[in-house]
Amino acid sequence: MADCDNALNVVVLDFETTGLSPSYGDRAIEIGAVKLKNGEIIETFQELMNPGFPVNNFIAQYTGITNSMLKKARRCNEVMKSFAEFLGDSNFVAHNASFDERFLRSEFEMISRYSIPDYTCSMLCARRIYPDAPSHKLSSLVSYKSIREEDSYHRALQDSIMTSRLWTTMINDIREKYNTGIISFSMMKKLSRMSKKNMDSFFRIHP
DNA sequence: TGCCAGGCCCTCTTTAGGGCCTT
């Protein structure tokens, strides 16, 4: 297996945004990410970005990111160019990745980058691996697995760090439960879309 | 100013609807 297909060599990212839908004009206001090598954080990225219009009160309260903070930030396009260099062609992971993927694709298109690396979703994986968790939102899973918390939720770097800890915890739990060796990214991606009843047979076939 | 989406998953399903998750 190539190093790039090792599930422990990925970028874990998280966006804070002005809303839920880039197709309705929402923009990213913060990107946070960690680069994992063999499951350890070797590099981080965090930057606020000015979307060019004010965020509403809900977003300011939800994230703690205020319009005065955003006024001082670089514009989205400049930040995304820097982030594109950080991400490179690394596979990436996010919690409820379909959300972050839409914003990554949208912001990348605005800097004329029309492709994104392969990605998978920690939430979908957690639904398979921890079906009995009371909830599969990030904060609940962090609590459920007794993962060390950062100072706050809903800030991009802190959420990406906690997602990376959840990600490595899931991989370690799979390795212990199924007595498997190195877990590949492609295996985790298949897992995220697998029916629950096929979990055990999948890891017997892919030791 | 306030509003908006979309994919997954379950079930009282599949000719559908609603909860979960992300901001």
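It should be emphasised that the depicted structure is a prediction, and the values quoted were computed from it without experimental measurement. Throughout, a chain's letter reflects where its sequence line sits, starting with A, and its residues are numbered from 1.
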Contact class for [X] (heavy atom, under 4.0 Å): base, sugar-phosphate, or nothing?
X	result
A:Phe15	sugar-phosphate
A:Asp100	nothing
A:Ser135	sugar-phosphate
A:Leu138	sugar-phosphate
A:Asp159	sugar-phosphate

Nearest-Å distance, [atom1] ([X]) to [atom2] ([N])?
X	N	atom1	atom2	value
A:Ile31	B:dT22	CD1	P	16 Å
A:Glu16	B:dT22	CD	C1'	10 Å
A:Gln61	B:dG2	CD	P	13 Å
A:Phe103	B:dT23	CZ	P	10 Å
A:Leu20	B:dT22	CG	C1'	7 Å
A:Arg127	B:dC20	CZ	P	10 Å

TODO: Starting from the 5' end of DNA chain B, give me the residue, A:Arg193 or A:Ile59, whose nearest nucleotide shows up first.
DONE: A:Arg193

- [ ] Using the closest heavy atom to pick a nucleotide of DNA chain B for each, name whichever of A:Ser139 or A:Pro54 lands nearer the 5' end.
- [x] A:Pro54

Any side-chain N or O of [X] under 4.0 Å from OP1/OP2 of [N]?
X	N	result
A:His95	B:dC21	no
A:Arg102	B:dT22	no
A:Thr17	B:dT22	no

TODO: May I ask you to check whether A:Asp26 and A:Thr17 show a side-chain donor-acceptor distance below 3.5 Å?
DONE: no

Task: Ionic contact status for A:Arg165 with A:Glu150, cut-off 4.0 Å - done: yes

Open item on the list: Closer than 4.0 angstrom, basic N to acidic O: yes or no for A:Glu109 and A:Arg113?
Closed with: no

Open item on the list: As an exercise, state the distance from NZ of A:Lys177 to CG of A:Asp173, rounded to the nearest 0.5 Å.
Closed with: 9.5 Å

TODO: Look at the rings of A:Phe83 and A:Phe86 and say which category their plane angle falls in: under 30° parallel, 30 to 60° tilted, over 60° perpendicular.
DONE: parallel

Open item on the list: Side chain of A:Asn96 only, heavy atoms from C-beta on: which candidate in B:dT23, B:dG6, B:dC4 is closest?
Closed with: B:dG6

